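Quick notes on the structure that follows.
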Number of protein chains: 2
Amino acid sequence: MATSTVENYLKQILLLSAGDDALVSMGDLAAALAVVPGTATTMVKSLASDGLVDHHLRHGVRLTAAGRRVALGVLRRHRLIETFLVEVLKMDWTEVHAEAELLEHAISDAVLDRLDALLGHPAADPHGDPIPTRLGKIDAQVYATLATCVVAQPLRIVRVTEQSGEFLQFAERNGLRPGARVRVAERDLAAGLITLKKTSGRTVALSLAAAGNILVAPAR
Amino acid sequence: MATSTVENYLKQILLLSAGDDALVSMGDLAAALAVVPGTATTMVKSLASDGLVDHHLRHGVRLTAAGRRVALGVLRRHRLIETFLVEVLKMDWTEVHAEAELLEHAISDAVLDRLDALLGHPAADPHGDPIPTRLGKIDAQVYATLATCVVAQPLRIVRVTEQSGEFLQFAERNGLRPGARVRVAERDLAAGLITLKKTSGRTVALSLAAAGNILVAPAR
DNA sequence: GGCTTTATTTTGATTAGTCAAATTCTTATC
DNA sequence: GATAAGAATTTGACTAATCAAAATAAAGCC
Ligand SMILES: [Mn+2]
Ligand SMILES: [Mn+2]
Ligand SMILES: [Mn+2]
Ligand SMILES: [Mn+2]
């Protein structure tokens, strides 16, 4: 069995490689896991010797097929648990991430399958993050963000990446949840500022950096 | 935060001291936790230095008030999780113990309170084990077992101690779950054998040792 | 191309939890 | 009350995960 530390490293490498098989740097990996870079190096070497990653010394790390399988399993557990906490236990979508971070390592396949059935085999979690199937298939669709989409067009929010409580609470306060309808009223690149218009008529201002965390599709 | 190892030790000391404040021997504790006796000694010393147990060198260990508080919290989580797995996810009461053994260390108070409410604040888990309240109160009622109760009287099974899959499956196969009605048809102490009669008329034979794991009360 | 800055790796220590085997204490038995 | 058996403790060693700080390699810059 992979320890929860190993599971966290593999999941994080998957998330940082952004779907494709890009190399993940030790610096980024260490920062994401809140450890010192030397710790990440040591751990990655041990993952490599277990055949879970390829370590390109001094250049970065990439999942092997075996490592990717494990990582997708962890991601599936994480996202189904988040969905359960919101849909069944009625918890707030801004607070479930931390809970799932622990539970993802403690739940068995038997329990997970029942949760999945109870929830009706959802395709995405409360943040809009796609849920891998039991076979490890994951929706890789690429979306525009509020920082890159066309201006003025009616949009639908499909996903909020960035799991920090502060950011999610900001999103919730301003009605920027998956499914909400908005359009970009103005994008001032010099000031790094974006102004949204909601269907309610309300406007919301946010930075380019923040806007990059909100994925959108044309409203149909 | 107590590690899950610490939580397991404290919970096990509580279970082995059987409610009262009896000293628990290192041998019993080590066996219950599947570690070597020296390991239990080392761990108990560290628990003692954290003020969670009193270690009477060479005689045994007992929980302090602080240790008991932690242990009751773990027990509450364990039993509420088992109840959830059976009542909501419809899992088998013979297989939920192992699941709860891991989940009990990963679930937060916020999630637990919501589970408790969803289940209607149950007083006992699927095995009939009493669930401590949020304040650490636990039903300490003493029951007779099928090995000690009076013969011929109509009885109701209130609890099945002993969590091993084999034993629980034996109980399930023979309809010996909490709530079931039986009476002791015959108790042969020389042979160490007990014969039960169910309301259906069916008879079940079991050893004195097995009978000691089934707690009963007079059927009202 | 050589020098400087930055990222990565290495080295040496530390903590939690564990086991095997030697040692010491307790208790039962004669 | 001495002794043998059994239980508990101690000692030394090991694994997983981590950090601080020194060493090294890679990139960027003039
Ligand atoms: Mn995690
Ligand atoms: Mn999510
Ligand atoms: Mn446990
Ligand atoms: Mn139980």
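Below, all heavy atoms of this structure are taken into account, side chains as well, without hydrogens, waters or symmetry copies. Predicted model, so just to flag it, every value in this text is computed and none were measured. Every chain is numbered from 1 and lettered A, B, ... according to where its sequence line falls, protein lines coming before strand lines.
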Nearest-0.5 Å distance that lies between atom CG in L23(B) and atom CD1 in I13(B): 10.5 Å
Rounding to 0.5 Å, atoms CG (N174(A)) and CD1 (I214(A)) come to a distance of 9.0 Å
Which value, rounded to the nearest 0.5 Å, describes the distance between D92(A) atom CG and E172(A) atom CD? 6.0 Å
Which residues pass the ring-ring contact (aromatic ring centres under 6.0 Å, His included) test with F84(A), sequence neighbours left out? F84(B)
Pair E7(B), Y9(B): side-chain N/O donor-acceptor within cut-off below 3.5 Å: no
Here the residues of residues 31-46 of chain B within 4.0 Å heavy-atom distance, strictly under, of DNA chain D are P37(B), G38(B), T41(B), K45(B)
Between E104(A) and R79(A), is there a side-chain N and carboxylate O pair less than 4.0 Å apart? no
Rounding to 0.5 Å, atoms CG (L15(B)) and CG (D28(B)) come to a distance of 12.5 Å
Side chain proximity check, L85(A) to W93(A), heavy atoms < 4.5 angstrom: no
Kindly indicate whether the side chain of V158(A), heavy atoms from C-beta on, has any atom under 4.5 Å from the side chain of P178(A). no
Note: chain A reaches DNA chain C at heavy-atom distances under 4.0 Å over the stretch, first to last nt, 5' to 3', of dT8(C) to dT10(C)
Interface limits on DNA chain D, where chain B has a heavy atom under 4.0 Å of a nucleotide atom: dA8(D) to dT10(D)
With sequence neighbours left out, what residues match H97(B) under ring-ring contact (aromatic ring centres under 6.0 Å, His included)? H78(B)
Taking side chain as C-beta onward, heavy atoms only, is T42(B) less than 4.5 Å from T39(B)? no
Name the nucleic acid region contacted by H55(A), choosing base, sugar-phosphate or nothing; use a 4.0 angstrom heavy-atom cut-off, strictly under. sugar-phosphate
Which residues, if any, of residues 1-18 of chain A bring a heavy atom under 4.0 Å of DNA chain D? T3(A), T5(A), Y9(A)
Close side-chain approach of E186(B) and V151(B), heavy atoms under 4.5 Å: no
